[in-house]
Amino acid sequence: MDQTNLQTVTAIQIGMMRATQPHVRGQHSKMHGCVNAVIDVLPVDAPFRHGLFASPGRYEALVRFSNGREADDRNPDIHGMAIKVFGVVGDKAHVDGPDGEQDFILAESGGAKTGHGSGGIVLPRAE
């Protein structure tokens with residue numbers, strides 16, 4: 001993602017927070033829990049050796065579990081998991097981002113999707 005796109009996404013997030021309440025996150029505002037974690041990076045094939053995965057290592061991390069916007073857990077919603085990894089060396093995706101950190105943002109909406117964007121396959125979820 002280039003610098004212009006990053007600035008656009010940042011502006012959208014800030015706008016969403018200001019439009020609701022300053023203390024409410026723009027996305028996934030209902031947190032279910034935050035845990036400390038350790039991430040072990042194992043050796044990977046050469047094409048995948050970039051950033052966090054450049055070489056094997058062990059990293060401290062925080063993991064945050066959340067819902068999209070639904071306050072009532074009985075109603076369907078998107079679920080999220082954000083992972084903040086500490087001690088990462090290398091170039092940052094965003095010039096203003098903190099040194100030594102890398103974030104992973106994951107979200108699901110009720111089923112795993114595979115294939116390509118124009119014709120993905122929705123797999124059934126185990127109940």
Side-chain angles (χ1 to χ4, degrees):
M1 185 177 287
D2 65 30
Q3 190 64 29
T4 302
N5 288 338
L6 286 170
Q7 290 171 346
T8 300
V9 170
T10 300
I12 291 169
Q13 281 291 106
I14 291 170
M16 290 173 67
M17 290 187 300
R18 287 183 179 151
T20 56
Q21 301 170 20
H23 64 279
V24 176
R25 298 171 63 94
Q27 300 292 324
H28 290 263
S29 58
K30 183 177 181 190
M31 180 171 68
H32 289 287
C34 192
V35 297
N36 291 314
V38 174
I39 295 177
D40 287 322
V41 174
L42 304 176
V44 295
D45 293 335
F48 307 109
R49 292 181 193 150
H50 299 282
L52 177 67
F53 305 102
S55 60
R58 177 169 275 205
Y59 299 89
E60 298 292 322
L62 290 175
V63 181
R64 179 183 186 270
F65 299 94
S66 62
N67 268 16
R69 291 197 173 271
E70 187 59 52
D72 188 337
D73 288 334
R74 295 172 293 183
N75 296 327
D77 198 5
I78 294 173
H79 300 97
M81 182 170 76
I83 306 167
K84 180 175 284 294
V85 184
F86 300 99
V88 179
V89 179
D91 295 335
K92 300 182 288 184
H94 193 289
V95 296
D96 295 328
D99 290 332
E101 296 180 7
Q102 183 167 346
D103 295 328
F104 293 89
I105 308 296
L106 302 100
E108 64 80 28
S109 60
K113 293 158 183 66
T114 185
H116 52 78
S118 64
I121 300 168
V122 178
L123 300 174
R125 184 170 55 181
E127 297 295 330

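What you see below is based on every heavy atom in this structure, not just the backbone, and it leaves out hydrogens, waters and symmetry mates. In what follows, residues are counted from 1 in the order of the sequence shown.
- Under a 4.5 Å side-chain heavy-atom criterion applied to ILVMFWY residues, the cluster that includes Ile105 comprises that residue alone.
- A heavy-atom distance below 4.5 Å is not found between the side chains of Tyr59 and Val38.
- Membership of the apolar cluster around Leu62 extends to Phe86, as traced through chained side-chain contacts below 4.5 Å between ILVMFWY residues.
- Inter-residue side-chain proximity for Val85 and Asp103 is flagged as unmet; no heavy-atom pair is nearer than 4.5 Å.
- Here salt bridge (Lys or Arg N to Asp or Glu O under 4.0 Å) pairs that include residues 37-58, with residues two or more places apart or in two chains, are Asp40-Arg58.
- Taken to the nearest 0.5 Å, the NZ atom of Lys84 stands 10.5 Å off from the CD atom of Gln102.
- Judged as a side-chain contact (heavy atoms from CB on, under 4.5 Å), and not counting sequence neighbours, the contacts of Ala37 are Ala61, Val63.
- Judged as a side-chain contact (heavy atoms from CB on, under 4.5 Å), and not counting sequence neighbours, Val89 has no contacts.
- Under the 4.5 Å side-chain heavy-atom criterion for ILVMFWY residues, no single connected hydrophobic cluster contains both Leu42 and Phe48.
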